Amino acid sequence: MSALEGYPAIRSVRLVGSRERGDAKELSDWDFAVETDDFQAVARAIPALVASLRPLAQQWDRLSQWGTYMLILPGAAKVDLLFNQEHTLEPPWEVGAETLEGVDSHFWDWILWLAAKHFSGKYELVRPEFAKMSAHLLRPMGVAETPHSIENAIELYTAAREALEKRFRVHVRRILEREVRRTLRRSGYNV
């Protein structure tokens, strides 16, 4: 990934996962292993380093045991930058006016990942993720129900987000949602 190459603390960036193996499916994400001599410096610099890619969403993965920087690029291309750096799992979101945009980014990234796994027939991975999504993201938004499908998760989430936008008097931009929905519809999801 050329956006990261040339930064002094980064030793290498290489494509890994299904895209590297050549067995990627339509919704597969792009995984890049990033080797660094100074993780803290790279962690601070990464938003500026990827700015030229015009990400629709970007944030550190709260629920990964390894440092993973998640990006969604125009066209709803999901990119994960994987660091060999241990990460402590974070607690469920605390939802408020200042965190709703981050919650939104996390939700749509999660939905893209779930859809890619579902599309690849990895149903055993998808089912338990709905309970995890409920505990970490939906319940903090006031949603008592655990989703049973990608379509249902989107329905529950968007209704809760709209109610919270009114309550907090904020507005979350919809460009990310539009891009993800468009990509999912092209793959046969009724969203």
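In what follows, residues are counted from 1 in the order of the sequence shown. Just so it is clear, the structure is predicted and the values come from calculations on it, not from any experiment.
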Exercise for the section: Please tell me if the side chains of Leu138 and Pro147 come closer than 4.5 Å, counting only heavy atoms from C-beta onward. Expected result: yes
Completion exercise
Residues Arg161 and Asp104: closest non-hydrogen pair is NH1-OD1, 2.9 Å
Practice task
Kindly compute the distance separating CZ (Arg181) from OG1 (Thr183), expressed to the nearest 0.5 Å.
Solution key: 12.5 Å
Practice task
Indicate yes or no: does Arg186 engage Glu26 in a salt bridge with an N to O separation below 4.0 Å.
Solution key: no
Practice task
Assess whether atom CD of Glu124 is packed by more than 12 heavy atoms of other residues, nucleotides or ligands within 6.0 Å.
Solution key: yes
Handout entry: Distance, nearest 0.5 Å, that separates CG of Leu81 from CG of Asp31
Key = 9.0 Å
Exercise for the section: For the pair Thr68 (side chain) and Ser64 (backbone), establish whether a donor and an acceptor sit closer than 3.5 Å, ignoring hydrogens and angles. Expected result: no
Problem - ILVMFWY cluster, Phe83 and Leu15 together (side-chain gap under 4.5 Å) - result: yes
Problem - Within the 6.0 Å centroid threshold, strictly below: Trp93 and Phe107 - result: no
Problem - Neighbour count above 12 (heavy atom, 6.0 Å) for Arg11 CZ - result: yes
Practice task
Could you tell me whether the side chain of Ser120 and the main chain of Lys117 form a donor-acceptor pair under 3.5 Å?
Solution key: no
Problem - Ala9 backbone acceptor or donor facing Thr36 side chain under 3.5 Å - result: yes
Problem - Neighbour count above 12 (heavy atom, 6.0 Å) for Glu5 CD - result: yes
Handout entry: Full working for side chain to side chain donor-acceptor pair (under 3.5 Å) between Glu129 and Trp113
Key = CA-CA 10 Å; Glu129 286 293 315; Trp113 184 83; over 6 Å; no
Side-chain atoms of residues 50-59: list all donor-acceptor pairs with protein atoms under 3.5 Å, sequence neighbours left out, distances to 0.1 Å.
{"from": "Gln58", "atom 1": "OE1", "to": "Tyr69", "atom 2": "OH", "distance (Å)": "2.7"}
{"from": "Gln59", "atom 1": "NE2", "to": "Gly102", "atom 2": "O", "distance (Å)": "3.1"}

Exercise for the section: Identify the two heavy atoms, one from Glu165 and one from Val172, that lie closest to each other, and give their separation to 0.1 Å. Expected result: OE2-N, 2.7 Å
Practice task
Report yes if the side chains of Met141 and Val103 come closer than 4.5 Å at any heavy-atom pair, otherwise no.
Solution key: yes
Practice task
With sequence neighbours left out, write down each residue that passes side-chain contact (heavy atoms from CB on, under 4.5 Å) with Ala33, or none if nothing qualifies.
Solution key: Arg14, Val16
Problem - Flag side-chain contact, heavy atom, 4.5 Å: Gln65 against His87 - result: no
Practice task
For the residue pair Leu137 and Tyr157, establish whether any side-chain heavy-atom pair is separated by less than 4.5 Å.
Solution key: yes
Fill in the blank from the handout: One should read off an interatomic distance between Leu4 CG and Ile46 CD1, to the nearest 0.5 angstrom, of 5.5 Å
Handout entry: Contact check, side chains of Leu82 and Val34, non-hydrogen atoms, under 4.5 Å
Key = no
Practice task
Flag yes if more than 12 heavy atoms outside Arg185 fall under 6.0 Å of its CZ atom; otherwise flag no.
Solution key: yes
Practice task
Enter the distance from Trp108:CH2 to Arg174:CZ here, rounded to the nearest 0.5 Å.
Solution key: 9.0 Å
Exercise for the section: Measure the shortest side-chain to side-chain distance between Ile111 and Leu184 over non-hydrogen atoms and say whether it is less than 4.5 angstrom. Expected result: yes
Exercise for the section: Taking the side chain as every heavy atom from C-beta outward, state whether Ser28 and Arg19 have any pair of such atoms under 4.5 Å apart. Expected result: yes
Handout entry: Spatial distance of atom OG (Ser12) from atom CZ (Phe32) [nearest 0.5 Å]
Key = 12.0 Å
Practice task
Indicate if Leu176 and Met133 have the same hydrophobic cluster label, given that clusters are the connected sets of ILVMFWY residues with side-chain heavy-atom separations under 4.5 angstrom.
Solution key: yes
Practice task
Nearest 0.5 Å please: distance from the CH2 atom of Trp60 over to the CD atom of Gln85.
Solution key: 8.5 Å
Using residues 70-79 as the side-chain source, report each donor-acceptor pair under 3.5 Å to any protein atom, sequence neighbours left out, with the distance given to one decimal.
{"from": "Lys78", "atom 1": "NZ", "to": "Asp80", "atom 2": "OD1", "distance (Å)": "2.9"}
{"from": "Lys78", "atom 1": "NZ", "to": "Asp80", "atom 2": "OD2", "distance (Å)": "3.3"}
{"from": "Lys78", "atom 1": "NZ", "to": "Asp109", "atom 2": "OD1", "distance (Å)": "2.9"}
{"from": "Lys78", "atom 1": "NZ", "to": "Asp109", "atom 2": "OD2", "distance (Å)": "2.8"}

Exercise for the section: Could you list all the ring pair (Phe, Tyr, Trp, His ring centres under 6.0 Å) pairs where at least one residue sits in residues 169-191, not counting sequence neighbours? Expected result: His118-Tyr189
Completion exercise
Apart from Trp66 itself, its cluster of hydrophobic side chains linked below 4.5 Å comprises none
Handout entry: Heavy-atom neighbours of Asp38 CG exceed 12 at 6.0 Å
Key = yes
Problem - Test side-chain contact (heavy atoms from CB on, under 4.5 Å) applied to Arg173 and Glu101, step by step - result: CA-CA 8 Å; Arg173 297 172 304 131; Glu101 190 87 31; 3.7 Å; yes
Exercise for the section: Write down the atom of Tyr7, the atom of Ala41, and the distance for their closest heavy-atom approach. Expected result: OH-O, 3.6 Å
Indicate every side-chain donor-acceptor pair of residues 149-156 with a distance under 3.5 Å to a residue at least two apart or in another chain.
{"from": "Ser149", "atom 1": "OG", "to": "Asn152", "atom 2": "N", "distance (Å)": "3.0"}
{"from": "Glu151", "atom 1": "OE2", "to": "Asn190", "atom 2": "N", "distance (Å)": "3.4"}
{"from": "Asn152", "atom 1": "OD1", "to": "His148", "atom 2": "N", "distance (Å)": "3.2"}

